[in-house]
Amino acid sequence: MAKVAILYGGRSGEHEVSCTSAAAVLKNLKTGHSAVLIGINREGIWYLQNIPSPFPDILAINCVISRKLSVLPGEGLAFSDGEKLEVDVVIPVLHGSFGEDGRVQGLLETARVPYAGSGVLGSAVGMDKDMAKRLWLQAGLPVVPWKTLHAENDSGISVSAAGELFTELGRPLFVKPANAGSSVGVNRVKNEAELISALKSAWAFDRNVLVEKAIIGREIECSVMGYSNPKAFPPGEIIPAEEHDFYDYDAKYTDPDGALLKVPADLPETTVLKIQSIAEKAYRCVEAGGLSRVDFLLEEDSGEVFINEINTLPGMTSISLFPRMTAAGGINFTTMLEKLIAGAFKEFSYREGLSYSI
Ligand SMILES: Nc1ncnc2c1ncn2[C@@H]1O[C@H](COP(=O)(O)OP(=O)(O)O)[C@@H](O)[C@H]1O
Ligand SMILES: [Mg+2]
């Protein structure tokens, strides 16, 4: 049994979602482990939190009476007065910036603390839609055609240049920041003026913005777990309610009837096998580890399958697709967390066994 730190909140647009995911992780942690809660506020400051009783559906972060924590290079975690906080393993239950993109993973590796999920590289590449797509394309995996526009080079984009993007990629188009999540900064645009304005909004979130062909069809997602030989679970489907143009922020979080999350997805066996095989390859390709959810777009007319994106720290609330899909494959939430913890220790010993001197 281990002392398991759940790291949640964070300096990210997905702060609240993380607090909800973390509550579900706490609730489902195997009896016998001792849980330690570390809440990160919106400024990025870490605080040790009390374990609430009974377990709530969303974890709060108290920054007033709580003790601040810091990460010590080579020495783990400590309070500001220098007293150490001993933990055996950290589960980052963080979504988006600073938590899902490799930055927190780098901090934990520097501190020599075992942690669950993808490493620095897998997290960073998985978070960056442009980088991930370039690797998938190189590996011959199906991705939606796109162009990436840079804030510094393309901010003065003309109406005619915007028009060329429609000619090349079709109409409508999707515009999205390379590094973001929860549909933040994502827009569907039908004309040049909308495209230019959507680019400006997306550049607020990242200097690289993708302009992508719109795929008309179904949204299928697939949980994958493991390290060098990852395994995909039965896929699920997101069916956004009709009043939402796509699976936007409101459909995800503010409208309780915003979307139907169906597990398993109603798909022919051949399509399921194809999606699972592509999901495992996409996962290995970006060097994801521990867990990820690979999201697909299934084109209605052609029946073609495209990888949309990978989420290396997917939503973990009790109604989220990731834990529901692993459960559909016979691994309940508690067992899934046990696998993540075991993987964290294995990866840690691997790293510690490497030679860092000559
Ligand atoms: N190329 C596309 N074609 C059709 N729908 C898309 C496309 N790109 C994104 N979407 C819609 O926008 C949503 C959010 O985009 P996504 O790329 O998944 O970003 P995020 O990381 O914010 O979830 C998707 O779930 C889907 O509904
Ligand atoms: Mg998405």
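We count ligands from 1, going down the list as the structure has it; atoms in each ligand are counted the same way.
Partner S182 forms a side-chain hydrogen bond (donor to acceptor under 3.5 Å, both in side chains) with one of H95, E16, K252, E14 and no other, that one being E14. A side chain to side chain contact (heavy atoms under 4.5 Å, CB included) with H15 is found for one member of I61, I40, L94 and no other, namely I61.
Once rounded to the nearest 0.5 Å, the distance linking SG of C63 with CH2 of W46 reads 14.0 Å.
Geometric assessment of R67 against the ring of F79 yields a positive cation-pi assignment under the 6.0 Å and 45° thresholds. For K346 and Y227, the positive end is not near the middle of the six-membered ring at less than 6.0 Å and at most 45° from its axis. For the pair R188 and F246, the cation-pi criterion (under 6.0 Å, within 45° of the ring axis) is not fulfilled.
Atoms of the protein (N, O or S only) found under 2.8 Å from the Mg ion (ligand 2) are E309 OE2.
Within 4.0 Å of ligand 1, heavy atoms belong to protein residues K129, V144, F174, K176, A180, G181, S182, S183, V186, E212, K213, A214, I215, E219, F246, Y247, K252, L297, N308, E309.
Formation of a donor-acceptor pair under 3.5 Å by the S66 side chain with backbone atoms of N62 is found in this model.
No salt bridge links K262 with E237; every basic N to acidic carboxylate O contact stays at or beyond 4.0 Å.
With a 6.0 Å radius and a threshold of 12 heavy atoms from other residues, nucleotides or ligands, R207 has its CZ atom at or below the threshold.
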